Amino acid sequence: MHKLFRLNFTKQTVIALFAGLMMIGLSLLMLSFGSNSTFDTIISFILRDVLMIFGLGVVFVSLYSEKYDDARQAIGFTNRKIKLSIILNLVFAACLSGIFLKDQIPQNILSLSNLYAAVYILVAGIFEMTFIYGFLRMSFEKAFGIIPAILLTSVFYSFHHAGFQPEFLHLFFVGVMYCSVYYITQNLLIVFPFFWGVGALWDVIVSSDAGEGIKNIQSCIFALIVLTFSILWIFFRKIRSSR
């Protein structure tokens with residue numbers, strides 16, 4: 001019972017809440033820069049791609065993990081039940097694909113514009129996994145237990161879409177689904193990339209108008225820039241820590 005519910009509010013909990021609110025704040029700021037003008041595009045790139053995805057999802061999470069040794073394994077991706085996690089990831093992805101395709105077979109799904117959007121979505125998934133389903137979930141579990149962690153993480157996951165996909169109730173239940181599945185093996189490899197990928201790609205590209213804003217080559221370029229700098233940052237931290 002102590003694993004499901006607890007109260008252990010610490011400095012790390014405050015850091016998690018503050019970082020989560022910062023994520024939501026960055027997303028809300030995007031509402032003021034939603035036009036197709038060059039200026040708004042640049043500001044949106046800074047807010048979401050630089051500060052949110054790279055800043056919080058890569059830089060912050062890596063620095064936090066280095067500071068708190070117990071967070072390195074608890075951040076989400078581990079060697080725990082790795083084979084089972086990957087197998088279930090593929091099974092859940094196949095089942096979800098079957099559910100989607102049973103109701104609707106989209107036309108021109110393999111178009112170049114959808115490929116641009118898919119690249120952006122998959123790179124953004126790094127942020128969702130490391131920061132939301134990794135760092136926030138871990139922090140909330142330590143402070144409040146598994147059940148509150150699932151619910152709180154899902155709330156933050158939902159509201160992090162405020163600036164570009166405000167479908168809060170739907171995304172809350174999506175968050176509950178992914179968080180709950182994580183606890184089968186306690187390894188995010190059960191969720192990412194296949195299970196999460198199928199849901200995210202279908203949800204944004206097929207089911208939501210939010211995908212229209214990223215079906216262009218500039219979004220793909222932005223995503224590749226963020227991915228490149230993320231890889232460089234990780235290598236930099238590894239080299240630094242090995243000295």
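It should be emphasised that the depicted structure is a prediction, and the values quoted were computed from it without experimental measurement.
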Colleague: Would you say the ring centers of Y133 and F192 fall short of 6.0 Å from each other?
Modeller: no
Colleague: So that I know where these two stand, are F168 and F159 an aromatic pair - ring centroids less than 6.0 Å apart?
Modeller: yes
Colleague: CD1/I234 to NZ/K238 distance, rounded to the nearest 0.5 angstrom?
Modeller: 7.0 Å
Colleague: Do the side chains of I15 and Y68 get nearer than 4.5 Å, heavy atoms only?
Modeller: yes
Colleague: Same cluster or not: L4 versus V155, using hydrophobic residues (I, L, V, M, F, W, Y) connected whenever any side-chain heavy atoms lie under 4.5 Å apart?
Modeller: yes
Colleague: Is the gap between the ring centers of F164 and H161 under 6.0 Å?
Modeller: yes
Colleague: Are side-chain heavy atoms of H170 and D203 found at a separation under 4.5 Å?
Modeller: yes
Colleague: Test I53 against Y120 for side-chain contact (heavy atoms from CB on, under 4.5 Å), laying out the working first.
Modeller: CA-CA 11 Å; I53 296 177; Y120 187 91; 4.1 Å; yes
Colleague: Would you please indicate yes or no on a ring centroid separation below 6.0 angstrom for F131 and H160?
Modeller: no
Colleague: Any heavy-atom pair between the side chains of L63 and V59 that's under 4.5 Å?
Modeller: yes
Colleague: Other than V91, what residues sit in its cluster of Ile, Leu, Val, Met, Phe, Trp and Tyr side chains whose heavy atoms are under 4.5 Å apart, directly or through others?
Modeller: I87
Colleague: Could you tell me which non-hydrogen atom of C179 sits nearest to which non-hydrogen atom of T153, and how far apart they are?
Modeller: SG-CG2, 3.6 Å
Colleague: So do the side chains of I86 and I190 get within less than 4.5 Å of each other, counting heavy atoms only?
Modeller: no
Colleague: Taking a hydrophobic cluster as the set of Ile, Leu, Val, Met, Phe, Trp and Tyr residues connected by side-chain heavy atoms closer than 4.5 Å, whether directly or through intermediates, do I126 and L232 fall within one such cluster?
Modeller: no
Colleague: Say whether I99 and L90 are linked into one hydrophobic cluster, either directly or through other cluster members, by side-chain heavy-atom distances under 4.5 angstrom.
Modeller: no
Colleague: Looking at V50 and F54, what are the two nearest heavy atoms and their distance?
Modeller: O-CB, 3.3 Å
Colleague: Just verifying a value: how many Å separate L136 CG and I132 CD1, rounded to the nearest 0.5 Å?
Modeller: 6.5 Å
Colleague: Could you check if a side-chain atom of Q218 sits within less than 4.5 angstrom of a side-chain atom of T41, using non-hydrogen atoms only?
Modeller: yes
Colleague: I'd like to know whether CZ of F229 has more than 12 heavy-atom contacts from other residues, nucleotides or ligands below 6.0 angstrom.
Modeller: no
Colleague: Indicate yes or no for a side-chain donor-acceptor contact from T130 to the backbone of G57 under 3.5 Å, with no hydrogens or angles considered.
Modeller: yes
Colleague: One pair to check against side-chain contact (heavy atoms from CB on, under 4.5 Å): L56 and M22. What are the steps and the verdict?
Modeller: CA-CA 9 Å; L56 289 176; M22 182 182 296; 4.1 Å; yes
Colleague: Taking only residues two or more places apart in sequence, or in another chain, which ones meet E212 in a salt bridge (charged side-chain N to carboxylate O under 4.0 Å, His left out)?
Modeller: K215
Colleague: Distance-only, no hydrogens or angles: does the N187 side chain make a donor-acceptor pair with backbone N or O of R80 under 3.5 Å?
Modeller: yes
Colleague: Do I184 and F92 touch side chain to side chain, with heavy atoms closer than 4.5 Å?
Modeller: yes
Colleague: Answer yes or no on whether R6 is positioned over the face of F144, meaning its NZ or CZ is under 6.0 Å from the six-membered ring centre and within 45° of the axis.
Modeller: no
Colleague: For S158 and E167, indicate whether the former's side chain and the latter's backbone hold a donor-acceptor pair under 3.5 Å.
Modeller: no
Colleague: Could you pull out the closest heavy-atom pair between G213 and S219, with the gap in Å?
Modeller: O-OG, 3.6 Å
Colleague: Could you check whether any side-chain N or O of T185 sits under 3.5 Å from a backbone N or O of S85, counting only pairs where one atom can act as donor and the other as acceptor?
Modeller: no
Colleague: With rounding to the nearest 0.5 angstrom, report the CD1 to CG distance, I205 to L115.
Modeller: 8.5 Å
Colleague: Could you check whether any side-chain heavy atom of V206 comes within less than 4.5 Å of a side-chain heavy atom of I109, counting everything from C-beta outward?
Modeller: yes
Colleague: Considering non-hydrogen atoms only, spot the tightest contact between I217 and Y116 and give its length.
Modeller: N-CD1, 3.5 Å
Colleague: Is there a chain of hydrophobic side chains (I, L, V, M, F, W, Y, each step under 4.5 Å between heavy atoms) that links W233 to I239?
Modeller: no
Colleague: Begin from the C-alpha positions of R137 and Y183 and carry the test side-chain contact (heavy atoms from CB on, under 4.5 Å) through to its verdict.
Modeller: CA-CA 11 Å; R137 178 207 50 77; Y183 281 101; 3.4 Å; yes
Colleague: Strictly under 6.0 Å, is that where the ring centroids of F135 and Y64 end up?
Modeller: yes
Colleague: Considering non-hydrogen atoms only, spot the tightest contact between S27 and A162 and give its length.
Modeller: OG-N, 3.3 Å
Colleague: Would you compute the distance between atom CH2 of W196 and atom CE of M129 and round it to the nearest 0.5 angstrom?
Modeller: 6.0 Å
Colleague: Please evaluate residues V204 and Q165 with respect to the criterion side-chain contact (heavy atoms from CB on, under 4.5 Å), reporting the C-alpha separation (whole Å), side-chain torsions for both, the decisive distance (0.1 Å), and the verdict.
Modeller: CA-CA 9 Å; V204 177; Q165 190 183 356; 3.9 Å; yes
Colleague: Does the side chain of P193 reach to within under 4.5 Å of the side chain of N89, using non-hydrogen atoms?
Modeller: yes
Colleague: Mind listing the closest non-hydrogen atom pair of T13 and A143 along with its distance?
Modeller: OG1-CB, 3.3 Å
Colleague: About how many Å separate OH of Y182 and CG of L189, when rounded to the nearest 0.5 Å?
Modeller: 10.5 Å
Colleague: Could you measure the distance from the CG atom of L31 to the OG atom of S44? Nearest 0.5 Å is fine.
Modeller: 9.5 Å
